[in-house]
Amino acid sequence: MADELKTDLRLSFKESGGMDLDWSDDGGATTVSGRDNLVQALTMRLLVYRGHLEQLGHQRYGSRVADLIGEPLDRANLDLLRRYVRQAIKEDPRVDEVLHLTVFARPDLPGAVDVRARIRAITGDPVELGLSLDLG
């Protein structure tokens with residue numbers, strides 16, 4: 001199962017919003033496999049603006065989430081964001097189906113949204129994805 005969901009370098013996501021490679025105590029980069037790799041890959045797909053990697057041959061990689069930066073988080077824009085997230089998730093070839101998806105504005109942090117998704121991977125396993133996005 002882990003082979004179908006691939007292995008990649010593990011990223012370390014910082015509270016500040018940045019990210020870097022995750023390094024082991026001996027100084028080597030660590031890897032991530034299976035479900036955890038799929039979650040990491042979907043997170044990156046949502047964070048990267050669609051078309052930003054075109055020069056590397058990945059013109060369709062990414063999402064349009066950034067189109068909503070600075071826009072009011074009203075019902076219409078939250079529905080649009082939900083569509084952008086669903087489209088990006090479904091474009092990963094390891095995703096068989098989006099079973100459930102919610103996008104809601106965070107009342108404690110203006111401009112931020114929480115995204116929660118439950119998908120079925122090509123292995124048949126359910127995979128949970130959750131992240132917060134700052135669109136303020």
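Values reported hereafter were calculated over all heavy atoms of this structure, with side chains retained and with hydrogens, waters and symmetry mates removed.
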Might you point out which heavy atoms bring Asn77 and Pro72 nearest each other, and give the distance in Å?
-> ND2-O, 2.7 Å
Flag, side chain of Asp22 to backbone of Arg10, donor-acceptor distance under 3.5 Å = no
Decide yes or no on salt bridge (charged side-chain N to carboxylate O under 4.0 Å, His left out) for Glu91 and Arg50, but give the supporting numbers first.
-> CA-CA 12 Å; Glu91 287 177 350; Arg50 186 178 182 93; 2.8 Å; yes
Could you pull out the closest heavy-atom pair between Ala41 and Asp92, with the gap in Å?
-> CB-OD2, 4.2 Å
Should Val39 and Val127 be marked as a side chain to side chain contact (heavy atoms under 4.5 Å, CB included) after you check the CA-CA gap, both sets of side-chain angles, and the distance that decides it?
-> CA-CA 8 Å; Val39 168; Val127 176; 3.5 Å; yes
Just by modelled atom types, is the Ser12 backbone N or O under 3.5 Å from a matching donor or acceptor in the Asp20 side chain?
-> no
Just wondering, do Phe13 and Thr43 contact through their side chains at under 4.5 Å, heavy atoms?
-> yes
Just jot down the side chain to side chain contact (heavy atoms under 4.5 Å, CB included) partners of Arg75, sequence neighbours excluded, or say none.
-> Asp79
If only atom types and distance count, is the side chain of Gln40 paired as donor or acceptor with the main-chain N or O of Val32 below 3.5 Å?
-> no
For residues 103-119, tabulate all N or O donor-acceptor pairs below 3.5 Å that involve a side-chain atom, not counting sequence neighbours.
unit_1: Arg106; atom_1: NE; unit_2: Asp108; atom_2: OD1; d: 3.2
unit_1: Arg106; atom_1: NH1; unit_2: Ser132; atom_2: OG; d: 3.3
unit_1: Arg106; atom_1: NH2; unit_2: Asp108; atom_2: OD2; d: 2.8
unit_1: Asp114; atom_1: OD1; unit_2: Ser132; atom_2: OG; d: 2.4
unit_1: Arg118; atom_1: NH1; unit_2: Glu128; atom_2: OE2; d: 2.4

Shortest non-hydrogen pair, Arg45 vs Arg60, comes out as NH1-O, 4.5 Å
Where is the tightest heavy-atom contact between Gly136 and Ile69, given as atom of each residue plus distance?
-> O-CG2, 4.0 Å
The side-chain contact (heavy atoms from CB on, under 4.5 Å) partner of Leu47 among Leu42, Val65, Leu133 is Leu133
For side chain to side chain contact (heavy atoms under 4.5 Å, CB included), just list the numbers for Leu38 and Lys6, CA-CA rounded to whole Å, side-chain angles, deciding distance to a tenth of an Å, and then say yes or no.
-> CA-CA 8 Å; Leu38 180 56; Lys6 312 264 187 227; over 6 Å; no
Heavy-atom donor-acceptor pair, Glu97 side chain to Ile122 backbone, under 3.5 Å = no
At what distance, to the nearest 0.5 angstrom, does CG of Leu101 lie from NZ of Lys90?
-> 11.0 Å
List in chain and number order the residues that pass salt bridge (charged side-chain N to carboxylate O under 4.0 Å, His left out) with Asp96, two or more places apart in sequence or in another chain; answer none if no residue qualifies.
-> Arg120
Is the shortest heavy-atom distance from the side chain of Arg35 to the side chain of Asp125 under 4.5 Å?
-> yes
Give, for atom CG of Leu78 and atom CG of Leu68, the distance between the pair rounded to the nearest 0.5 Å.
-> 8.5 Å
When rounded to the nearest 0.5 angstrom, what distance separates CG in Asp8 from CE in Met44?
-> 9.5 Å
Would you find a donor on one side and an acceptor on the other, under 3.5 Å apart, between the side chain of Ser63 and the backbone of Leu46?
-> yes
Is it the case that one hydrophobic cluster holds both Val85 and Leu99, taking links as side-chain heavy atoms less than 4.5 Å apart, direct or via other members?
-> no
Test side chain to side chain contact (heavy atoms under 4.5 Å, CB included) applied to Tyr84 and Asp67, step by step = CA-CA 10 Å; Tyr84 289 164; Asp67 287 351; 4.1 Å; yes
Can you tell if the side chain of Leu73 reaches within under 4.5 Å of the side chain of Leu135, non-hydrogen atoms only?
-> yes
What are the two closest heavy atoms between Tyr49 and Ala66, and how far apart are they?
-> CD1-CB, 3.6 Å
